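One structure is given here, and the rest of the page talks about it.
Numbering starts at 1 and runs along the sequence shown. Not measured: the values here are computed from a predicted model. Note that ligands are numbered from 1 as they come in the structure, with each ligand's atoms numbered from 1 the same way.
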Amino acid sequence: MLIILLGPPGAGKGTQAEKIIQKFSLVYISTGDILRKAVKEGSALGRKAREYMDQGQLVPDNLVVEIVRGRLMEPDCANGALLDGFPRTVDQAVFLEQALPDIDKKVDRVLLIEVDENELIERLTGRRVCGDCGANYHVKYKSPKVRNVCDQCGGDLYQRDDDTLATVTERLEVYKRQTESLVEFYQERGLLSSINGNQDIDGVFDQISSVLEDL
Ligand code: ADP
Ligand code: AMP
């Protein structure tokens, strides 16, 4: 099973992904997480990606496409994967469509998580992430038991560099300009399911679960 999570930054894709991969035994592939790790490690990829990410811009397609191609070919993806944050441009989606038959895969469903814009800004600027295990929190909506400490591994929580108000505004614009057209792309292929992301985390997950259980 290959599932794509689509939606603006802050819609709750990473939050839902944690729950989806557990329930449906999928391998999680987040291009944002892979790029942030590369930046942290200072690898060649990270050095190229950093300037784009800091400005809230998309990293060039050719870099991202190579990451995803390599990852999907790894043996642990044989039984299914959940893509979060990829594709983000029509060119990336076309690449995926053309590359999948060669590795005996196809996209089974695209889950579009829709959330009002004011709420997105609130979610992104309040997001906190564990520096050790990557778990996701929110200062108001999903606070850890101990302030700034991860419930799962005890690591320190931090605010992503691109979650400041100025960069968040730019990322939402970039979504509208470069990513939103994927809604039509996948609608035309009969693959899109709209999920109401303006609900609490469990409410959103219930709706996603019923879509995936029907596949
Ligand atoms: P994305 O991966 O789409 O950018 P995240 O999953 O990181 O979004 O969610 C952004 C922020 O919003 C996080 O701080 C998360 O804890 C919070 N959040 C996610 N889903 C909800 C929800 N349904 N209601 C309230 N807050 C949420
Ligand atoms: P995310 O964690 O999905 O919010 O992504 C964080 C940042 O990583 C984005 O703002 C982009 O700069 C970069 N990025 C992640 N995925 C992609 C992608 N598929 N294409 C281009 N850039 C990406």
Inset, instruction - Please test D108 against I4 for side-chain contact (heavy atoms from CB on, under 4.5 Å), starting from the C-alpha separation and ending with a verdict. - result: CA-CA 8 Å; D108 292 292; I4 292 174; over 6 Å; no
Legend entry - First-shell residues of ligand 2 [heavy atom, distance under 4.0 Å]: T31, G32, L35, R36, M53, Q57, L58, V59, V64, G85, F86, R88, Q92, R160, D162, R171
Which heavy atom of the protein is the closest neighbour of [atom], given with residue, atom name and distance?
atom                    : answer
atom 13 (C) of ligand 1 : Y137 O, 3.7 Å
atom 8 (O) of ligand 1  : G12 N, 3.2 Å
atom 19 (C) of ligand 1 : T15 OG1, 3.4 Å
atom 11 (C) of ligand 1 : R123 O, 3.4 Å

Inset, instruction - Kindly indicate, with the supporting measurements, whether the criterion side-chain hydrogen bond (donor to acceptor under 3.5 Å, both in side chains) is fulfilled by Q207 and Q199. - result: CA-CA 10 Å; Q207 202 186 336; Q199 315 174 63; 3.1 Å; yes
Inset, instruction - Would you sort out whether Q152 and E18 count as a side-chain contact (heavy atoms from CB on, under 4.5 Å), showing the intermediate values? - result: CA-CA 12 Å; Q152 292 181 28; E18 264 185 50; 3.7 Å; yes
Inset, instruction - Determine, for D206 against K19, whether the closest basic-nitrogen to carboxylate-oxygen distance falls under 4.0 angstrom. - result: no
Legend entry - N/O separation below 3.5 Å, G126 to ligand 1: no
Legend entry - Polar proximity ligand 1 side, Q16 side, N/O cut 3.5 Å exclusive: no
Inset, instruction - Give a yes or no on whether E213 atom CD has more than 12 heavy-atom contacts from other residues, nucleotides or ligands under 6.0 Å away. - result: yes
Inset, instruction - State whether the number of non-hydrogen atoms from other residues, nucleotides or ligands found under 6.0 Å of D104 atom CG is greater than 12. - result: no
Inset, instruction - Please state which part of I113 comes within less than 4.0 Å of ligand 1, counting heavy atoms only: side chain, backbone, both or neither. - result: neither
Legend entry - Ligand-residue contact atoms, ligand 1 with N136, heavy atoms, under 4.0 Å: 5 (P), 6 (O), 7 (O)
Legend entry - G7 heavy atom under 4.0 Å from ligand 1: no
Inset, instruction - Determine whether any heavy atom of K140 lies closer than 4.0 Å to an atom of ligand 1. - result: no
Result block: side-chain N/O donor-acceptor pairs under 3.5 angstrom for residues 89-101, not counting sequence neighbours:
from, atom 1, to, atom 2, distance (Å)
T89, OG1, D61, OD1, 3.1
T89, OG1, D61, OD2, 3.4
T89, OG1, Q92, N, 3.0
Q92, OE1, R88, N, 2.8
Q92, NE2, D61, OD1, 2.9
E97, OE1, R189, NH2, 3.4
E97, OE2, R189, NE, 2.5

Inset, instruction - Check each of N79, I3, L83 against L26 using the side chain to side chain contact (heavy atoms under 4.5 Å, CB included) test, and report the only one that passes. - result: I3
